[in-house]
Amino acid sequence: MDLTLYNTYSGQKEIFVPVDAEHIRMYVCGPTVYNYAHIGNARPVVVFDTLARLLRKLFPKVTYVRNITDIDDKIISAASEQGKKINFITTRYTNQFHADMAELNDNGPDIEPHATDHITEMIKMVECLIEKNFAYVKEGHVLFSVKKMKDYGKLSSHSPDELIAGARIEVSSYKNSPADFVLWKPSSSEQPGWHSPWGRGRPGWHLECSAMSEKHLGETFDIHGGGQDLIFPHHENEIAQSVCAHSGAPFVNYWMHNGYLTVDGEKMSKSLGNFYTVRQLLDEGWDGETIRLALLKSHYRQPLNFSLRGLQDAKSELDRFYRVLRGHSLAEIINFSSESQHSTIEATLKNDLNTPGAIHQLHGEASRLFRLSNNDQSTLKLKNQFFKDASLLGILQRDPEDWFKGNNKKSNDKIDMVFVEDTIALRNAARARGDFIEADRLRDILSAKNIMLEDNVDGTVWKVGEGQK
RNA sequence: GGCCCGGUGGGAGAGAGGCUAUCCAGAGGAUUGCAAAUCCUUGUACACCAGUUCGAAUCUGGUCCGGGCCUCCA
């Protein structure tokens, strides 16, 4: 079965035909680093990480580029509000972003270019656009002349005429036409800036992605991803810049956009203030894998209504999955080398990254394994396959016992393992002699400490109960 | 105003012309010293109105409702 992807540019699902089947190239718009990443920022990270995992399975080489935007007016204002240097802000939130996304099992990109490391490339691209008469200089600004670009607006289904007619804001004096956008703008003495042929200034927002994708992936590459809100104007303008600078060479073959995340049915946005940061959820004790699964439970193009109940559901599903693996350590499961079976999960994901369908398949596998309910070598092989399938989604990467005992949680109070094990031993001794009153008393003692016991055929296992998440 | 998406059972959420989605929650049963876990069974789903079709939740047209973009935003 072929890999099919929904292409925003054509508005339909298409069979994926790479530029070079030996080397897939993908660019995804990364964060502007001036604040903690919220759960909506995490969605494209998780979605495209999952896509990257699939691509790496299907093709011999994948280069995944995700940028860091470290020069932007929002960063400038955040720095001045907090009385900190720009560099302090960008370094701090870049590190925070990395730490948070790692918790979500994001493998990260192969190349993570920073905008400020590519000013030279950006200036060169602007010069090229001026030279080819797609851009003009006015009042210290360099602007892209939208009407010079034949297909401008195709990605977002807008015509330049509509955009001009719909312009809601007052047109700046330096624009020849309301739809024109800034490639380079002047900086005041207190704003960060770089020397350029047009004076000291800084790049417009869209320029970095055009310049950095060209440098790291070439003029034409396979996939460009990001959130739906980037379709216009960001990606539209990227296309304009790159196609015109490259004398009409195709820029991106497949445009992929993830849907919005809503909270209580409303778009989550910084301006509305109705957002959860990833850090906040982690600190509350939600596991990164739980957050990741909650994000993958709906298809990437669908809107996702984020809720605590959704997280709780994801947690319950992961409990079920880890219960399948329990009885073997993660190392045993990983190291059990076996021929990779035909994976139905892979086939499901090849249908436009159908992660909910893949999760469904995982539940099917889980049910089959539960019915076997023995822990010999043959089930170890099945667990190995189950683990591999789950790994495509980037979940089930922890040791099962650690998952249930909360060992991966930083925020948990230390559990006294010796006390727990001793109490279980005492209780089992009581059970063996038929003293169920004592057995239940010991169970209650542990229960009060949020330790839940399960008596299985192989013995008694325990887990941290709900409330600790 | 223009342009996009959507509306599926208590909740989440796939599917996509005829075949049980699945998970969570609920009910009944099996199992268990008791539990938990697991297994089995189970409930009223496809916004509305027409049309196409032997057959539509799935296609077409319209209606209503919701969200988004057109301005910084994943």
Side-chain angles (χ1 to χ4, degrees), chain A residues 8 11 28-32 35 37-48 72-74 77 153 156-159 161-170 179 205 225-234 236 257-262 265-272 275 293-294 296-307 309-321 323-324 326 348 351 354-364 366-367 369-373 430-432 434-437 439-440 443-444 447 452-457 460-463 465:
Chain A
T8 307
V28 174
C29 288
T32 303
N35 210 333
H38 59 68
I39 189 75
N41 297 328
R43 190 177 193 191
V45 171
V46 168
V47 163
F48 290 105
D72 178 275
D73 288 0
K74 291 190 294 294
S77 50
S156 57
S157 308
H158 289 306
S159 73
D161 291 346
E162 279 169 20
L163 292 168
I164 292 165
R168 286 193 222 152
I169 50 168
E170 202 177 323
W205 172 37
Q228 271 174 1
D229 51 342
L230 295 179
I231 295 172
F232 190 91
H234 186 53
E236 196 68 73
H257 294 96
N258 62 274
Y260 284 107
L261 196 141
T262 60
E266 269 191 276
K267 178 182 161 187
M268 171 154 70
S269 71
K270 285 169 188 167
S271 54
L272 287 171
F275 65 96
L293 185 62
L296 292 176
K297 267 164 64 73
S298 56
H299 184 82
Y300 77 92
R301 282 191 286 116
Q302 293 301 118
L304 190 164
N305 194 240
F306 183 80
S307 68
R309 178 165 181 177
L311 276 180
Q312 188 54 56
D313 282 359
K315 163 76 165 61
S316 300
E317 291 189 44
L318 281 171
D319 281 346
R320 182 175 146 88
F321 291 152
R323 214 168 272 129
V324 169
R326 210 170 191 185
T348 302
N351 178 16
N354 186 354
T355 54
I359 293 164
H360 159 214
Q361 311 264 19
L362 229 37
H363 278 293
S367 292
L369 272 153
F370 278 133
R371 277 186 218 107
L372 292 175
S373 72
R431 289 171 67 209
D435 185 354
F436 295 117
I437 293 171
D440 286 346
R443 180 206 282 285
D444 290 344
S447 177
M452 302 301 163
L453 303 185
E454 295 180 23
D455 297 325
N456 293 326
V457 281
T460 302
V461 296
W462 60 273
K463 65 169 182 175

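Residue numbering restarts at 1 for every chain, and letters A, B, ... go by the order of the sequence lines.
The salt bridge (charged side-chain N to carboxylate O under 4.0 Å, His left out) test applied to A:Arg320 returns no partner, not counting sequence neighbours. Remark: A:Asp73 engages A:Lys185, A:Arg202 in a salt bridge (charged side-chain N to carboxylate O under 4.0 Å, His left out) (not counting sequence neighbours). Not counting sequence neighbours, A:Lys463 has no partner by the salt bridge (charged side-chain N to carboxylate O under 4.0 Å, His left out) test. Residues meeting the salt bridge (charged side-chain N to carboxylate O under 4.0 Å, His left out) test with A:Asp455, sequence neighbours left out: A:Arg427, A:Arg431. Listed by chain and residue number, nothing satisfies the side-chain hydrogen bond (donor to acceptor under 3.5 Å, both in side chains) test with A:Asn456 (two or more places apart in sequence, or in another chain). Remark: A:Phe321 pairs with A:His363, A:Phe386 by the ring-ring contact (aromatic ring centres under 6.0 Å, His included) rule, at least two apart or across chains. Residues satisfying the ring-ring contact (aromatic ring centres under 6.0 Å, His included) test with A:His360, not counting sequence neighbours, are none.
When the nucleotides B:C72, B:G10, B:A35 are ranked by their closest atom to the side chain of A:Arg309, B:G10 comes out on top.
Closest-nucleotide positions on RNA chain B for A:Tyr300 and A:Met452 were compared, and the one nearer the 5' end corresponds to A:Tyr300.
For A:Asp440 and B:G33, a side-chain-to-base donor-acceptor distance below 3.5 Å is present, hydrogens and geometry of angles not being considered. Taking only distance into account, the side chain of A:Asp73 never meets the base of B:C72 through a donor-acceptor pair shorter than 3.5 Å. A:Arg443 contributes a side-chain N or O that forms a donor-acceptor pair with the base of B:A35 under 3.5 Å.
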Which pairs, protein N/O on one side and nucleotides 18-23 of chain B N/O on the other, fall under 3.5 Å?
{"from": "B:A21", "atom 1": "O2'", "to": "A:His360", "atom 2": "NE2", "distance (Å)": "3.4"}
{"from": "B:A21", "atom 1": "N3", "to": "A:His360", "atom 2": "ND1", "distance (Å)": "3.2"}
{"from": "B:C23", "atom 1": "O2'", "to": "A:Glu317", "atom 2": "OE2", "distance (Å)": "3.0"}

| So what is the 5' to 3' dot-bracket string for RNA chain B, if pairs are Watson-Crick or G-U wobble with both distances under 3.5 Å, crossing pairs use [ ] and | means the partner sits on another strand? | (((((((..(((.....[...))).(((((.......)))))....(((((..]....))))))))))))....
